[in-house]
Enquirer: 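This structure is in structure tokens; I'll ask about it shortly.
By convention in this document, chain letters (A, B, ...) are assigned in the order of the sequence lines, proteins followed by strands, and residues within each chain are numbered from 1.
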Amino acid sequence: MPILTLPDGKTLSFDQPVTGRQVAESIGPRLAQKAIGIKVGLEIRDLDRPITADATIRILTPSNEDPDSLFLLRHSAAHVLAEAICALWPRTRLAYGPPIDEGFFYDMQVLDAAGEKVTLSDADFVTIEKKMAEIVKADKPFTRCDVSTDEGLKRTEGDLYKRDNAERAIAKGSQTISFYATGTPGQDWEDLCAGPHVPRTGVLGAVKVMSVAGAYWHGDQTSDQLTRVYGTCFADAKGLQAHLTKLEEAKKRDHRKLGREMALFHVDDENPGQVFWHPKGWSIYRTLEDYIRAKISANGYVEVKTPSVMPKSLWEKSGHWDKYRANMFTTESEKREFALKPMNCPGHIEIFKQGLRSYRELPLRMAEFGSCTRNEVSGALHGIMRVRGFVQDDAHIFCTTAQIPSEVAEFVRLLKEVYRDFGFGDDRIIVKFSTRPALRVGTDAQWDQAEGALADACQKANLSYIVAPGEGAFYGPKLEFTLVDALGRHWQCGTIQVDYQLPSAERLNATFIGEDGTKHHPVMLHRAILGSLERFIGILIEHYAGKFPLWLSPEQIRVLPITDDQLPYAREVAAGLKAAGLRATVDETPDKLGAKIRLARNDRVTYFAVVGEAEVTAGTIALQNQAGEKLGTPTRAELVQRLLAEVAART
RNA sequence: GCUGCCUUAGCUCAGCGGUAGAGCGCGUCCUUGGUAAGGACGAGGUCCUGGGUUCAAAUCCCAGAGGCAGCUCCA
């Protein structure tokens, strides 16, 4: 006798088990027609599976905003993709095809009639999409068929990957094995699948094959390499189009493209993963570095600088030689081995260990714009976001166990303050809290305290977090801060990690004299706000689409004389701005005003000032912003004041 | 690192067995023009590298390097 609670709180009661479709029909015929699935509690289900127990339910209809609806549509679209490819290459062996954030993929081995591997390329997409459109147009029902585990194993006999899936399902305790046919089971195409699916292929109007890539079976490098076909599906063509437009927009904002166009930096082909900063890019970099330097200085940090090259012996003691060797560049001199530092922590401990430390010096917040070099595999490199040489806004806080809560809380507060200055408010920060892993060092009491401090700090800072159980480092729990940019993309930046291990006697043996007059090991908090400056600038370029706010802008204002007659005045205006600490230039080309404006806007100059005869006479300039909005004709003094105020406000 | 695709002028790209091309940018000259491209002329190439096939290779084949996407990893 299920009693079902609807999202608005209304309840429906039934005398006997009902299907989702019957529930929808009892609410209204139009809803029943539109329904593609039902959410029972937290589980999304097919419309025609019976509901036997009380539950809160929600009827799912096609929607571009509802993640549950998209999940269902995309899961079914993956089947249609697989069916289409199987129709074109009947010997294809399917592996696994789940919905993902922006669509779905299907891993498979595509085989031709001779059993040879087929490599799919963009050229095949049209053919596949055409086949998919046929299947959608045929409006075939998704039909579920549950069979016994024995029968399930029999049906997947000889189908390597599906057989494996069935075995895994049984190992996890499945009593039956389910198949979904598009049409009639045993007659039409079918696929081993747990479901759920939409009722008919006809609701999958807006599907698209996006790309192909390689992927490993079970993500295991030593296992079979499969073809992964990516696709996406939306409730309607409008949703799909909006998605494609967003991808286009992301491509336009690509920091590698803008970095070249705006002459910010380059990465040399012969020197992968190393950034050459050009004057304008370096201007952004220095603004960022100066900003962080001022912030941490105001928050009780001291700044240090440690060497890039450090001896193997140090890395052995720190444990990096064991755990991180593959990612380190090494070198040698006079038969001694050295490594370029991949992290700054051992260097900071070396400084901490000079002389005797007293508990009175704690917490000691030691910061460094630390140049790190890591030998990342070539495939991992990406523009300036993922490089081999980068600088972290790193710091290590040496403190006592008792100081952990306040230090973490203080850090989270500072981090929020910094992120806000770049336009990332609370709603654009995602916090991941990684807790104790199975393999770990330290006592449970230490872990309890460290985890409690991290959770507490987030609550105090009004930041909600998602827990990643068991994902902490072996030496301590950590928080990771991810920014959501203007296009909704995620970028992990800040972090804070609790470490009892590195300062311990077994590792680098840092000590201080406590109140009791005996030696103690400090706790170390590894923390960064921006992460790497290179990566953060890459994020900012894409977030702002190259149109930096005034305080970060490499060219804050360009003066555009209408004719050469105004050149001397234009130079005076620019000189006045520069004297006030602003980044100003003059367009000295012989172009017409229209061309100068076009160039200034293409260069993403934040403001430009037109000066003609009228302005020279009046001692003013005609101000305009990047978007081309006219902002009046302030005097030179008013202009300086106005720009300085905007820089100070960081807007 | 693995799989796939790509590599032609500074940039974006066309050409795909038979003399190396376009637009933008760059240089020189003319033009002194009030809000998103004024005009003329010119310079600029190891068609990624090495090997092979061919009378002939930017073009076809093989290997390598680098780039891109994904996988894995990660700031």
Enquirer: Checking A/Arg260 against A/Phe265: charged group under 6.0 Å from the ring centre and within 45 degrees of the axis?
Expert: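 No, A/Arg260 does not lie over the aromatic ring of A/Phe265.
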
Enquirer: Roughly how many Å apart are B/rA43 and B/rU31, using the C1' atom of each and rounding to a whole number?
Expert: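 B/rU31 and B/rA43 have their C1' atoms separated by 22 Å.
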
Enquirer: I want to check one thing: is the phosphate of B/rA69, taken as OP1 and OP2, less than 4.0 Å away from some side-chain N or O of A/Arg256?
Expert: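 Answer is yes, contact under 4.0 Å.
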
Enquirer: Can you tell me the distance, in whole Å, between the CZ atom of A/Phe369 and the C1' atom of B/rA75?
Expert: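 Rounded to whole Å, this separation is 15 Å.
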
Enquirer: When we call it a touch if two heavy atoms are under 4.0 Å apart, what does A/Glu534 touch: a base, just sugar-phosphate, or nothing?
Expert: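 The answer is nothing, as A/Glu534 stays clear of every strand by at least 4.0 Å.
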
Enquirer: From the options A/Trp277, A/Phe369, A/Phe390, A/Phe536, select the one residue that forms a ring-ring contact (aromatic ring centres under 6.0 Å, His included) with A/Tyr285.
Expert: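 Going through A/Trp277, A/Phe369, A/Phe390, A/Phe536 one by one, the ring-ring contact (aromatic ring centres under 6.0 Å, His included) with A/Tyr285 is satisfied by A/Trp277 alone.
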
Enquirer: For RNA chain B, which residues in residues 591-602 of chain A have a heavy atom at a distance below 4.0 Å?
Expert: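 Hits under 4.0 Å, by residue number: A/Lys592, A/Leu593, A/Gly594, A/Ala595, A/Ile597, A/Arg598, A/Arg601, A/Asn602.
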
Enquirer: According to salt bridge (Lys or Arg N to Asp or Glu O under 4.0 Å), does anything in residues 368-385 of chain A pair up with another residue at least two apart or in another chain? List the pairs.
Expert: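 Residue pairs with at least one partner in residues 368-385 of chain A: A/Lys341-A/Glu368, A/Glu376-A/Arg386.
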
Enquirer: Could you tell me how far B/rC16 sits from B/rU7 if I compare only their P atoms? Round to whole Å.
Expert: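 Comparing P positions in B/rU7 and B/rC16 gives a spacing of 14 Å.
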
Enquirer: What nucleotide among B/rA75, B/rC71, B/rC11 has an atom nearest to a side-chain atom of A/Gln392?
Expert: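 Nearest nucleotide to the side chain: B/rA75.
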
Enquirer: With heavy-atom distances below 4.5 Å as the criterion, would you say the side chains of A/Asp499 and A/Lys478 are in contact?
Expert: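 Of all side-chain heavy-atom pairs linking A/Lys478 with A/Asp499, none is under 4.5 Å.
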
Enquirer: Determine which nucleotide pairs with B/rU28, using a 3.5 Å limit on both distances of a Watson-Crick or G-U wobble pair.
Expert: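 Here B/rU28 is engaged in a pair, and the nucleotide opposite it is B/rA40.
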
Enquirer: Let me know the distance between CZ of A/Phe608 and C1' of B/rG34, rounded to the nearest Å.
Expert: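 Atom-to-atom, A/Phe608 to B/rG34, this comes out as 12 Å.
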
Enquirer: Closest to the A/Ala380 side chain: B/rU32, B/rC73, B/rG34?
Expert: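 Of all the options, the side chain of A/Ala380 is nearest to B/rC73.
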
Enquirer: Would you kindly give the CD-to-C1' distance between A/Glu629 and B/rA36, to the nearest whole Å?
Expert: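 Value for this atom pair: 15 Å.
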
Enquirer: Among B/rU35, B/rA75, B/rG33, find the nucleotide with the atom closest to the side chain of A/Val610.
Expert: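 Nearest to the side chain of A/Val610 among the choices is B/rU35.
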
Enquirer: What residues form a side chain to side chain donor-acceptor pair (under 3.5 Å) with A/Glu248, not counting sequence neighbours?
Expert: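 Expected list: none.
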
Enquirer: Are side-chain heavy atoms of A/Leu70 and A/Phe104 found at a separation under 4.5 Å?
Expert: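 They are not in side-chain contact.
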
Enquirer: Answer with base, sugar-phosphate or nothing: what part of the nucleic acid does A/Glu261 contact at a heavy-atom distance below 4.0 Å?
Expert: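 Nothing, no heavy atom under 4.0 Å.
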
Enquirer: If the condition is side-chain contact (heavy atoms from CB on, under 4.5 Å), which residues does A/Asp394 pass it with, not counting sequence neighbours?
Expert: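 With sequence neighbours excluded, A/Asp394 shows a side-chain contact (heavy atoms from CB on, under 4.5 Å) to A/Asn344, A/Gln392, A/His396, given in chain and number order.
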
Enquirer: Checking base pairs now: Watson-Crick or wobble, both atom distances under 3.5 Å. What partners B/rA75?
Expert: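 Base partner found: none.
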
Enquirer: Take atom CZ of A/Arg558 and atom P of B/rU35, then tell me their distance rounded to the nearest Å.
Expert: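 Distance, rounded to whole Å: 19 Å.
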
Enquirer: Can you check the distance between B/rA57 and B/rG18, where both ends of the measurement are the P atom (answer in whole Å)?
Expert: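 Rounded to whole Å, the distance is 11 Å.
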
Enquirer: Kindly indicate whether the side chain of A/Asp564 and the base of B/rU32 share any N or O donor-acceptor pair separated by less than 3.5 Å?
Expert: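 Side chain to base: pair present.
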
Enquirer: Round to the nearest Å and state the distance from A/Leu567 atom CG to B/rG33 atom C1'.
Expert: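 One finds 14 Å between C1' of B/rG33 and CG of A/Leu567, rounded.
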
Enquirer: Please figure out whether A/Gly273 or A/Gln626 has its closest RNA chain B nucleotide nearer the 5' end.
Expert: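 This one resolves to A/Gln626.
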
Enquirer: Between atom CD1 in A/Ile384 and atom P in B/rC68, what is the gap in whole Å?
Expert: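 Value for this atom pair: 13 Å.
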
Enquirer: Between A/His543 and A/Phe424, is the gap from one ring center to the other below 6.0 Å?
Expert: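 Yes, the ring centres sit under 6.0 Å apart.
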
Enquirer: Using Watson-Crick or G-U wobble geometry with both distances under 3.5 Å, which nucleotide pairs with B/rC55?
Expert: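 With both distances under 3.5 Å, B/rC55 matches B/rG18.
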
Enquirer: Considering only NZ, NE, NH1 and NH2 on the basic side and carboxylate oxygens on the acidic side, decide whether A/Lys257 and A/Glu261 come within less than 4.0 Å.
Expert: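 Between A/Glu261 and A/Lys257 there is a salt bridge, with a charged N closer than 4.0 Å to a carboxylate O.
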
Enquirer: Would you measure the distance from the P atom in B/rA58 across to the matching atom in B/rG50 and give it in whole Å?
Expert: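 Here B/rA58 and B/rG50 have their P atoms 12 Å from each other.
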
Enquirer: Does B/rU35 have a Watson-Crick or wobble partner in any strand here, with both distances under 3.5 angstrom, and which is it?
Expert: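 The answer is none; no pair meets the criterion.
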
Enquirer: Quiz question: going by heavy-atom distance under 3.5 Å, is there a donor-acceptor pair between the base of B/rG34 and the side chain of A/Gln566?
Expert: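 Not at all, since no donor on one side and acceptor on the other fall under 3.5 Å apart.
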
Enquirer: Roughly how many Å apart are B/rU72 and B/rG4, using the C1' atom of each and rounding to a whole number?
Expert: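 Their C1' atoms lie roughly 16 Å apart.
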
Enquirer: Return the nearest nucleotide to the side chain of A/Arg228; candidates are B/rU31, B/rG70, B/rU12.
Expert: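 The listed nucleotide nearest to A/Arg228's side chain is B/rG70.
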
Enquirer: In whole angstrom, give me the gap between the P atoms of B/rC68 and B/rG34.
Expert: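 The answer is 45 Å between these two P atoms.
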
Enquirer: Using atom C1' in both nucleotides, what's the gap between B/rU8 and B/rG15 to the nearest angstrom?
Expert: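 Taking atom C1' in both B/rU8 and B/rG15, they lie 9 Å apart.
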
Enquirer: Would you say whether A/Tyr230 stacks on B/rG70? The test is a distance between ring centres of less than 5.5 Å and an angle between planes of less than 30°.
Expert: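 It does not: the two rings, one from A/Tyr230 and one from B/rG70, miss the stacking criterion.
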
Enquirer: State which residues pass side-chain contact (heavy atoms from CB on, under 4.5 Å) with A/Arg436; sequence neighbours excluded, sorted by chain then number.
Expert: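 Testing A/Arg436 for side-chain contact (heavy atoms from CB on, under 4.5 Å), a comparison that skips the adjacent residues, returns A/Arg440, A/Asp444, A/Trp447, A/Asp448, A/Glu451.
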
Enquirer: Residues two or more places apart in sequence or in another chain: which of them pass side-chain contact (heavy atoms from CB on, under 4.5 Å) with A/Arg365?
Expert: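 Per chain and number, A/Arg365 pairs via side-chain contact (heavy atoms from CB on, under 4.5 Å) with A/Tyr301, A/Pro363, A/Ile397, A/Glu407.
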
Enquirer: Counting only side-chain nitrogens and oxygens, does A/His382 get under 4.0 Å of the OP1 or OP2 atom of B/rA69?
Expert: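 So the side-chain polar atoms of A/His382 do come within 4.0 Å of the phosphate oxygens OP1 or OP2 of B/rA69, strictly under.
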
Enquirer: Whether A/Tyr324 contacts B/rC74 is assessed here as follows: a side-chain N or O lying under 4.0 Å from the phosphate OP1 or OP2. Is that the case?
Expert: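 For B/rC74, neither OP1 nor OP2 has a side-chain N or O of A/Tyr324 closer than 4.0 Å.
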
Enquirer: Rounded to the nearest Å, what distance is computed from the CG atom of residue A/Asn271 to the P atom of nucleotide B/rC48?
Expert: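 Nearest whole value for this atom pair: 22 Å.
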
Enquirer: Return the nucleotide paired to B/rU7: Watson-Crick means purine N1 to pyrimidine N3 with N6-O4 or O6-N4, wobble means G-U with N1-O2 and O6-N3, both under 3.5 Å.
Expert: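 Matched B/rU7 with B/rA65 under the 3.5 Å cut-off.
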
Enquirer: Using side chain to side chain donor-acceptor pair (under 3.5 Å) as the criterion, list what pairs up with A/Arg413, not counting sequence neighbours.
Expert: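 If we apply the side chain to side chain donor-acceptor pair (under 3.5 Å) test to A/Arg413, skipping adjacent residues, the hits are A/Asn299, A/Glu410, A/Glu417.
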
Enquirer: Does any donor-acceptor pair link the side chain of A/Arg386 with the base of B/rC74 at a separation under 3.5 Å?
Expert: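 Side chain to base: pair found, below 3.5 Å.
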
Enquirer: Where along residues 370-378 of chain A does a heavy atom fall under 4.0 Å from RNA chain B?
Expert: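 Contacting residues: A/Arg374, A/Glu376, A/Val377, A/Ser378.
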
Enquirer: Applying a 4.0 Å non-hydrogen cut-off, can you work out what A/Pro590 is touching in the nucleic acid: base, sugar-phosphate, or nothing?
Expert: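 Base, at least one base heavy atom under 4.0 Å.
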
Enquirer: Write out a two-atom table: protein N or O, nucleotide N or O from nucleotides 7-10 of chain B, distance below 3.5 Å.
Expert:
none

Enquirer: Of A/Gly531 and A/Val267, whose closest RNA chain B nucleotide lies nearer the 5' terminus?
Expert: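 Closest to the 5' end, via its nearest nucleotide, is A/Val267.
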
Enquirer: With sequence neighbours left out, what residues match A/Glu613 under side-chain contact (heavy atoms from CB on, under 4.5 Å)?
Expert: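 If we apply the side-chain contact (heavy atoms from CB on, under 4.5 Å) test to A/Glu613, skipping adjacent residues, the hits are A/Gln566.
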
Enquirer: Please list, chain by chain and in numerical order, all residues satisfying side chain to side chain donor-acceptor pair (under 3.5 Å) with A/Tyr475, sequence neighbours excluded.
Expert: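 Once residues adjacent in sequence are excluded, the partners of A/Tyr475 under the side chain to side chain donor-acceptor pair (under 3.5 Å) criterion are A/Gln497.
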
Enquirer: When all nucleic acid strands are considered with a 4.0 Å heavy-atom cut-off, which category describes A/Ala614: base, sugar-phosphate, or nothing?
Expert: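 Base, at least one base heavy atom under 4.0 Å.
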
Enquirer: If I take atom CG in residue A/Leu530 and atom P in nucleotide B/rA75, what distance separates them, rounded to the nearest angstrom?
Expert: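 In whole Å, B/rA75 P and A/Leu530 CG are 15 Å from each other.
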
Enquirer: Quick one: salt bridge (Lys or Arg N to Asp or Glu O under 4.0 Å) partners of A/Lys208, sequence neighbours excluded?
Expert: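 Salt bridge (Lys or Arg N to Asp or Glu O under 4.0 Å) check on A/Lys208 returns A/Glu129.
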
